[in-house]
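Any value given below was found using the heavy atoms of this structure, including those in side chains, with hydrogens, waters and symmetry copies removed. First listed ligand is number 1; within each ligand, the first listed atom is number 1.
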Amino acid sequence: MVYCLYMPPDGEDPHSVPAARREKEGTMETLERKKVMLSGIKPSGDLTLGSYLGAIKNWAARAEQFDCYYFMADAHAITVRQKPADLRRRTLEQLAQYIACGLDPEQNTLLIQSHVPAHAELGWVLNCYTMFGELSRMTQFKDKSRKNADNINGGLFTYPCLMAADILLYQPDYVPVGEDQKQHVELARNIVQRFNGIYGQVFRMPEPYIPKVGARVMDLLNPSSKMSKSDEAGAGVVYLMDRPEDIARKFKRAVTDSDTERCVRYDPETKPGVANLMSIYAAATDRSFAQIEAEFEGQGYGVFKPAVADAVIELLRPIREEATRILADKAYLQSVYRAGAEKAAAIANRTLRKVYKKVGFVER
Ligand code: TRP
């Protein structure tokens with residue numbers, strides 16, 4: 001197969017680059033395989049406008065260039081106590097939402113982590129190749145231990161070993177993650193080095209991949225912190241499944257800035273609330289900040305805020321409707337995750353068998 005290989009400089013997201021430019025700047029190479037990308041998403045909170053504008057919106061186009069795997073990391077979610085019914089609902093809801101956002105299950109492998117036992121199996125092996133000291137240094141472990149002082153369980157501690165297994169099973173080239181997960185990918189790389197150092201070339205060395213494109217959406221009530229899906233209160237968080245009236249209400253309460261000019265001008269330093277609303281409006285309507293400033297020239301926040309709300313309502317309406325439709329079609333959803341697990345297991349088991357053989361397990 002001939003593929004156009006192109007990795008843009010500066011961490012720019014390759015799928016945001018027009019095909020024409022990719023073809024011009026990339027190199028045509030004959031490869032046995034398309035480059036592989038894999039990412040896991042923990043179904044521990046409902047997806048937000050921030051998840052969409054910051055990440056998911058850009059995923060659909062990736063499938064052209066990469067062989068992509070996305071999985072719902074349900075096994076990771078239980079390191080913190082979950083209500084079983086909520087975990088089940090969110091896992092399926094997220095899958096439906098990803099499809100509604102344009103991730104085509106024909107072109108991407110979408111799976112539920114617990115459906116492919118190789119994750120847990122390799123996870124155990126990698127536990128034995130990861131040091132207590134390494135795991136003790138993980139900032140997420142320290143953070144979560146502080147927040148869940150009554151449930152500092154073993155899974156929370158060895159979480160990065162399972163995550164390394166998730167990654168290494170599929171021999172990916174790139175692992176798109178947020179800044180907060182970079183340390184875990186680095187640990188996976190250390191494990192690769194250690195394991196391959198002992199047994200030869202078993203795992204491909206994965207690269208963390210932190211896309212720079214995508215709007216950074218902040219909380220509507222607290223524009224200095226990110227709009228986060230795990231924010232329990234949710235008053236400043238717009239969820240993908242919010243109804244239009246909820247969205248309108250949340251934007252109505254959004255903080256603007258107490259500066260005296262009270263005009264729509266992009267200045268994140270002194271007007272973070274307005275800057276956040278402008279970023280959202282820009283991403284939702286494909287407009288530049290200059291265009292937005294011109295559009296609302298001479299008008300106050302009383303006109304601007306409802307305009308942002310309307311744009312977001314229209315942006316999310318088709319996603320919510322499509323996700324709701326997919327969610328109601330249990331047979332379809334089941335066919336997607338079953339096909340995903342089957343395809344994933346075939347790849348994952350190949351790696352697992354190799355590992356079992358290397359460490360000295362008797363072949364079955
Ligand atoms: N730990 C990731 C998070 O909390 C989710 C995750 C689990 C993941 N396994 C992964 C991400 C493998 C990338 C690759 O967001």
Point to revise | Single hit among Y70, W59, Y52 for ring pair (Phe, Tyr, Trp, His ring centres under 6.0 Å) with Y98 | key: W59
Practice item. Flag Q140 as yes when one of its N or O atoms lies below 3.5 Å from any N or O atom of ligand 1, and as no otherwise. Key: no
Review point. Do S39 and ligand 1 have an N or O pair less than 3.5 Å apart?
Key: no
**Study point:** Check: H184 N/O within less than 3.5 Å of ligand 1 N/O
**Key:** no
Point to revise | H76: numbered ligand 1 atoms lying under 4.0 Å from its heavy atoms | key: 7 (C), 9 (N)
Review point. Are F132 and F157 near enough that their ring centres are under 6.0 Å apart?
Key: yes
Revision key, fill the gap. For L221 and V255 the tightest heavy-atom approach is O-CG1, 3.6 Å
Exercise for review: Run the numbers for me: atoms of ligand 1, each under 4.0 Å from some heavy atom of F71, listed by number.
Suggested key: 9 (N), 10 (C), 12 (C)
Check your understanding: What protein heavy atom is closest to atom 13 (C) of ligand 1, reported as residue, atom name and distance in Å?
Key -> G40 N, 3.4 Å
Point to revise | Atom pair CG/CG of L95 and L327 - distance to nearest 0.5 Å | key: 9.0 Å
Check your understanding: Hey, does the Lys NZ or Arg CZ of K343 hover above the aromatic six-ring of Y69, less than 6.0 Å from the centre and inside 45° of the axis?
Key -> yes
Point to revise | ligand 1 versus Q181: contacting region, heavy-atom distance under 4.0 Å | key: side chain
Point to revise | Ring centres under 6.0 angstrom apart (Y159, H184) | key: yes
Exercise for review: Let me know which of L156, L162, T158 forms a side chain to side chain contact (heavy atoms under 4.5 Å, CB included) with T79.
Suggested key: L156
Point to revise | Side-chain H-bond candidate by donor/acceptor type, Q113 with D166, under 3.5 Å | key: yes
Review point. What atoms of ligand 1 come within less than 4.0 Å of a heavy atom belonging to K42?
Key: 4 (O)
Review point. What atoms of ligand 1 come closer than 4.0 angstrom to any heavy atom of V177?
Key: 13 (C)
Check your understanding: Please walk me through it: do H119 and Y170 pass ring-ring contact (aromatic ring centres under 6.0 Å, His included)?
Key -> CA-CA 10 Å; H119 288 248; Y170 300 94; 5.6 Å; yes
Review point. Considering only heavy atoms of Y159, which atoms of ligand 1 have at least one such atom less than 4.0 Å away?
Key: 1 (N), 2 (C), 3 (C), 4 (O)
Review point. Closest non-hydrogen protein atom to atom 9 (N) of ligand 1, residue and atom name please, with distance?
Key: D166 OD2, 2.7 Å
Exercise for review: For ligand 1, indicate whether the residue V185 contacts it via side chain, backbone, both or neither (heavy-atom separation under 4.0 Å).
Suggested key: neither
**Study point:** Atoms of ligand 1, numbered as shown, that sit under 4.0 Å from any heavy atom of V175
**Key:** 13 (C), 14 (C)
